[in-house]
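Throughout, a chain's letter reflects where its sequence line sits, starting with A, and its residues are numbered from 1. Computation of the quantities below employed the complete heavy-atom set of this structure, encompassing side-chain atoms and omitting hydrogens, waters and symmetry-equivalent molecules.
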Amino acid sequence: MESARTRRASPRAPERYPSSLAGSGTPALEGSPMYRAVPAQIDLPAMEHDVLAMWDSEGVFEASVEQSKGRPPWVFYEGPPTANGMPGTHHVEARVFKDVFPRYRTMKGFHVPRQAGWDCHGLPVELAVEKELGFSGKQDIERYGVAAFNDRCRESVLRHVNEFTDMSRRMGYWVDFDRAYWTMDADYIQSVWWSLKQIYSKGLLVQDHRVAPYCPRCGTGLSDHELAQGYETVVDPSVYVRFPVTDAAFLERFPGAVLLVWTTTPWTLVSNTAVAVNPVADYSIVRTGDGQTLVVASSLVGQLLGEDLEELGRVSGSALEHMSYERPFDLIDIPEAHYVILADYVTTDDGTGLVHQAPAFGADDLASCRGYGLPVVNPVLPNGTFADDVPVVGGVFFKKADETLVAMLKESGRLFKHVEYEHSYPHCWRCHTPLIYYAQPSWYIKTTVIKDQLIEQNEATNWFPGTIKSGRFGDWLNNNVDWALSRNRFWGTPLPIWRCSENHLTVVESLAELSALGGIDVTATDPHRPYVDDITIPCQTCEATATRVPEVIDCWYDSGAMPFAAVGYPHVDAGTFADQYPADFICEAIDQTRGWFYTLMAIGTLVFDRTSYRNVLCLGHILDEDGRKMSKHIGNVLEPIGLMNDHGADAVRWFMLASGSPWQARRVGHAAIGDVVRKTLLTYWNTVSFQSMYARLADWEPSHPAPEVCDRPVIDRWLAAQASELTREVDIALEAFDTQRAGRLLSTFIDDLSNWYVRRSRRRFWDGDPAALSTLHEALRITTLCMAPFTPFITERVWQDLFRPTDPGAATSVHLAAWPEPTGDAVDPALAESMALVRRVVELGRAARATSGVRTRQPLGRALVSARGWGRLSDELRAEICEELNVGVIEALVDDTAGFVDTAIKANFRALGQRFGKQTPLVADAIANAEPVSLLLHIRREGSVSLHAAGVGDVEIFEADVIVSETPRDGWAVAAEGGESLALDLHITDELQRAGTAREIVRAIQEARKQSGFDVSDRITVWWASDDASTILTLDEHATLIASEVLATAFCEGIEHAQRGSVTVRVPETDLQLLIARGSDG
RNA sequence: GGGCCUAUAGCUCAGCUUGGUUAGAGCGCUUCCCUGAUAAGGAAGAGGUCGGUGGUUCAAGUCCACCUAGGCCCA
């Protein structure tokens, strides 16, 4: 025994470890199944770097994927980031969630391959390069050369890949970068081509018109993203125009009827094609005071036309459908048009409820007119002027035509009203030219055809949080519009459609097919522009030469195609795909609702008739400490690597997973993350360090025999049950993708472990009690395993120090271990409840101590408790309370009839409400008016009591129907909470007084030992002297106790004999003189 | 303009699904206690019209409606 204690455990050991983490670590313990020494202090970021090095050198990630081969797959898809910017803290957020569930599922026995990916194409990449080159439009790019431009784009994509991989590695995100997919790879592009051919062959890929914001000066369309930057407030004319009805039947009922139509863009009236009304709104036909017969929405009659009028009739919007009218201008030819159509988007809040339709210049207009097969006629040239052959306004810039046209309306008597209208209108962010919504030919995927299927697939998908499913995402599907797929750009997947002069189309699925069709081997050609544009093939219909159409596709299609394109399906690897479709889990932030989440589901449904994911986790955004969005502009960006090097990646991960709700916007800052370190990580670490220190001091090894759990002290049985419950509950929470709940369970358990179990059991650890060491060992093993997916670094460190060396069967990494099984027999709900009561009573005791002013070190004779369930507590549990509160005995406060306590009774509304409903307050009154002591005695004797409640009658009241509080009177310190109370007997006898002094002495010596840097196992000698009789008696009585508490091997009266250099100890409120010194010789 | 989310202590957030009469935790602040692992722990105090209004109910932070403010997405 003594030899073990001479081995220094050294709680003040250096902060850094021997850097080797592997099993061969501590040379002195080679081959010994003992714990490694765990210092109390730890530098978390430094420890994490050691763990990263170990994972690399032992290939732990690869091993975890390898060793699970053949097990049931759990499929995860990585949504590809665009790497042409620096990674930010929001990337860490998503990646933490993408990491924790694969790790958890791996522990649960699944095979979880994780392929990284990179999104390479798209307008943001092009814009970044344009900016670098100082370009201001497409003409610049064409002058520069598409090949050279695309080379720059390719290079730009690669630029920050290293920053992304470094950040991912640093945070412990396990994903396979070596097998990453790149959306610009030739194989990837050909998979996309294949899928587009599938969609084309189903008749769902078509060319049509698309209305998009367009800058007539720059000659280019603008993306939504660009659009958002360029809104400016302008004043436009707002005109109300008369459109005479020409429908004979309607005119017969309402002679001279005129549609009153509203628009803020008079120049589009030249192209008027139809008038839209809301099908379910009411429309009134009214005769005004000056004799006009007007048709307007009924709800707008008053504000538009005033009171002086007569309503001739009222019809629903749908009754007006197909009614013909005379258009305001007859400048261009628009055949088969000019009648009323129905459109849901028409509102009757402003305007007239009748909306002018020019399908070439409005997305809504185009969509509704398309439903009627109306023509799309566009008299405006790409440079923004009306075509020269248009009368009157030919050659005029579109905006400038407003003035002329309004004057013409006035002249022809069509103008009803003209006002100025201030609103925000999009302008080009480069040149401030007002944008024109402009119809251009475009390629569409007709997703509206599969809308019902999409809704069905969404029904079968689990969304976290669930509100997205029917909310944001469900709404989006319900309002589905066809997918405008093509872009008139350069850096993207080229649309694989070849067209001849006769407009026959040939869609190809691969370079191999192109080679076969063209008779030239082009399989080695870069499938990007401009190289692919040079390939021509004979038209499959008419044999004329076919060339590729000029467009590339929306890069969102690229990423949505990753389930198959990432493995080159079907050209490269059909087998892998079959095993990995659909995904069990995907996760991104909420902005992907209409991005990746949609494109994945749409493409999956289009090509394979089913969506590509089962469960989708949708994260809220990360904000700065003040709740603002992080942006370079404000300068509030948290740099992720720096954040992790400050606090450790584990702390950042824990924050993301468990602090606040993942699916809500959250504020992140240094304070919040530092909190995680102190509260959760260091508490866990210190418990580990504690276990290691005392196990090593006692030469204890986990393989040593220990009593069965059921034969151990009650607190051990309690902890074992809690640990078992922990693994079960965390499992359930993670199964439901609820990391917040899992995190709360874990941090609560760690708190219980450290601040209740260890606190209460310290003495047993000092003595090397195998039952205590064994119990804590197992509890830490379970905690470490359950926490491993959350904080992979610190748990790995603990695994290497405590569990790998002591169990020959242990996995070489915690991340190769299986999820801990709950031990069903250990769970005892009654014990958990009893312990909760014990802890509540202890809290009451502490509160009573605090109010009494008697410090805890001063023993007290007895305490009295009133609490329901007290009678069921075992003596063992009552003893826990006595020890913790330092009182001699603790007794129930029951059946008091001597006026020793005050008894108060309150109605328990929850119990009463269920039985009495509406009459609850009456019964509660009856309880309040009853005499509490006799009522309570009656209930306790008979089980219930009958009371008369006014307006109700006689009712039977049980103990559960009342909340009792009993509080002792004078001479007691009392605390009460929630119907439970505790009273401390404050009478201090001389004997108690001396016991208190003994405790003071112990405490003072311990403090001095600590201050002087003695090791916890050092033996000491104590010298003392006093003139006070009581103090001398105290030392006589308690010398043995004091000596054993402070590890004194000699206890000498007379300080004059003390050795040189011994330490003086001050004991407050005594005249005791005390010296101590290390060593056992006096 | 439309949809969704959010609003609880000075700050960060639980609690709301399943309504119950003293609304919790952490951080910060004040005072005290405890300490033989801990950067810890405990007690008390200050700090709340649970965003507002109305409704349902015996009873509303919790359910319903409307409103206000903020955020996100879309026009």
Tell me yes or no: between the side chains of A/T784 and A/Y684, is some donor less than 3.5 Å from an acceptor?
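There is such a pair between these side chains.
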Distance-only polar pair, side chains of A/Y598 and A/N480, donor-acceptor under 3.5 Å
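The criterion, which ignores hydrogens and geometry beyond distance, is satisfied for A/N480 and A/Y598.
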Minimum-distance nucleotide (side-chain atoms of [X] versus [options]):
| X | options | answer |
| --- | --- | --- |
| A/F909 | B/rG36, B/rG20, B/rU38 | B/rG20 |
| A/M693 | B/rA37, B/rA39, B/rA14 | B/rA37 |
| A/K918 | B/rA14, B/rC58, B/rG36 | B/rC58 |
| A/Y694 | B/rA14, B/rA37, B/rC72 | B/rA37 |

Does the side chain of A/W685 come within less than 4.5 Å of A/V798's, by heavy atoms?
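Yes - at least one pair of side-chain heavy atoms lies under 4.5 Å apart.
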Are side-chain heavy atoms of A/D650 and A/R797 found at a separation under 4.5 Å?
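Side chain of A/D650 against side chain of A/R797, heavy atoms only: no contact under 4.5 Å found.
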Does A/S689 or A/W476 map to a spot on RNA chain B nearer the 5' end, using the closest nucleotide for each?
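So the residue in question is A/S689.
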Which residue lies toward the 5' end of RNA chain B, A/V1046 or A/I590, if each is placed at its nearest nucleotide?
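Taking each residue's closest nucleotide, the earlier one in sequence belongs to A/V1046.
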For [N] and [M], measure between their [atom1] atoms and round to the nearest Å.
| N | M | atom1 | result |
| --- | --- | --- | --- |
| B/rG45 | B/rU6 | P | 34 Å |
| B/rC16 | B/rC50 | C1' | 11 Å |
| B/rG3 | B/rC67 | P | 11 Å |
| B/rC63 | B/rU18 | C1' | 11 Å |
| B/rA59 | B/rA69 | C1' | 30 Å |
| B/rC5 | B/rA44 | C1' | 39 Å |
| B/rC64 | B/rU12 | C1' | 30 Å |
| B/rU56 | B/rA14 | C1' | 27 Å |

Strictly below 4.0 Å, N to O, side chains only: are A/E884 and A/R759 in salt-bridge contact?
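Salt bridge flag = yes for A/R759 with A/E884.
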Calculate the interatomic distance between [X] atom [atom1] and [N] atom [atom2]; express it in whole Å.
| X | N | atom1 | atom2 | value |
| --- | --- | --- | --- | --- |
| A/F464 | B/rC5 | CZ | P | 17 Å |
| A/D801 | B/rA37 | CG | P | 20 Å |
| A/N278 | B/rG1 | CG | C1' | 14 Å |
| A/Q592 | B/rC74 | CD | P | 10 Å |
| A/F916 | B/rG19 | CZ | P | 20 Å |
| A/Y757 | B/rG41 | OH | P | 21 Å |
| A/W685 | B/rA39 | CH2 | P | 15 Å |
| A/N686 | B/rG36 | CG | C1' | 14 Å |

Qualifying residue for side chain to side chain donor-acceptor pair (under 3.5 Å) with A/W483, from A/D554, A/T447, A/T448
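Testing A/W483 for a side chain to side chain donor-acceptor pair (under 3.5 Å) against A/D554, A/T447, A/T448 leaves exactly one candidate, A/D554.
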When we call it a touch if two heavy atoms are under 4.0 Å apart, what does [X] touch: a base, just sugar-phosphate, or nothing?
| X | value |
| --- | --- |
| A/Q691 | nothing |
| A/V842 | nothing |
| A/S754 | base |
| A/T748 | nothing |

Please encode protein proximity along nucleotides 25-35 of chain B as a string of B, S and -, counting only heavy-atom distances under 4.0 Å.
-SS-----SSB
If you take atom types as modelled and just measure distance, does the side chain of A/T683 reach the base of B/rA39 with a donor-acceptor pair under 3.5 Å?
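No, no donor-acceptor pair under 3.5 Å.
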Is the centre of the [X] ring less than 6.0 Å from the centre of the [Y] ring?
| X | Y | value |
| --- | --- | --- |
| A/W463 | A/F597 | yes |
| A/F737 | A/F464 | yes |
| A/Y35 | A/H777 | yes |

Range-with-range stems of RNA chain B (Watson-Crick or G-U pairs under 3.5 Å, three or more in a row):
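Stem list for RNA chain B: B:1-7 with B:68-74, B:10-13 with B:24-27, B:29-33 with B:41-45, B:51-55 with B:63-67.
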Measure across A/A772 and A/F765 and return the closest heavy-atom pair with its distance rounded to 0.1 Å.
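So the minimum-distance heavy-atom pair works out to O-CZ, 3.6 Å.
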A/F1014 and A/I1020: side chain to side chain contact (heavy atoms under 4.5 Å, CB included), yes or no, with the steps?
CA-CA 9 Å; A/F1014 292 10; A/I1020 61 168; 3.6 Å; yes
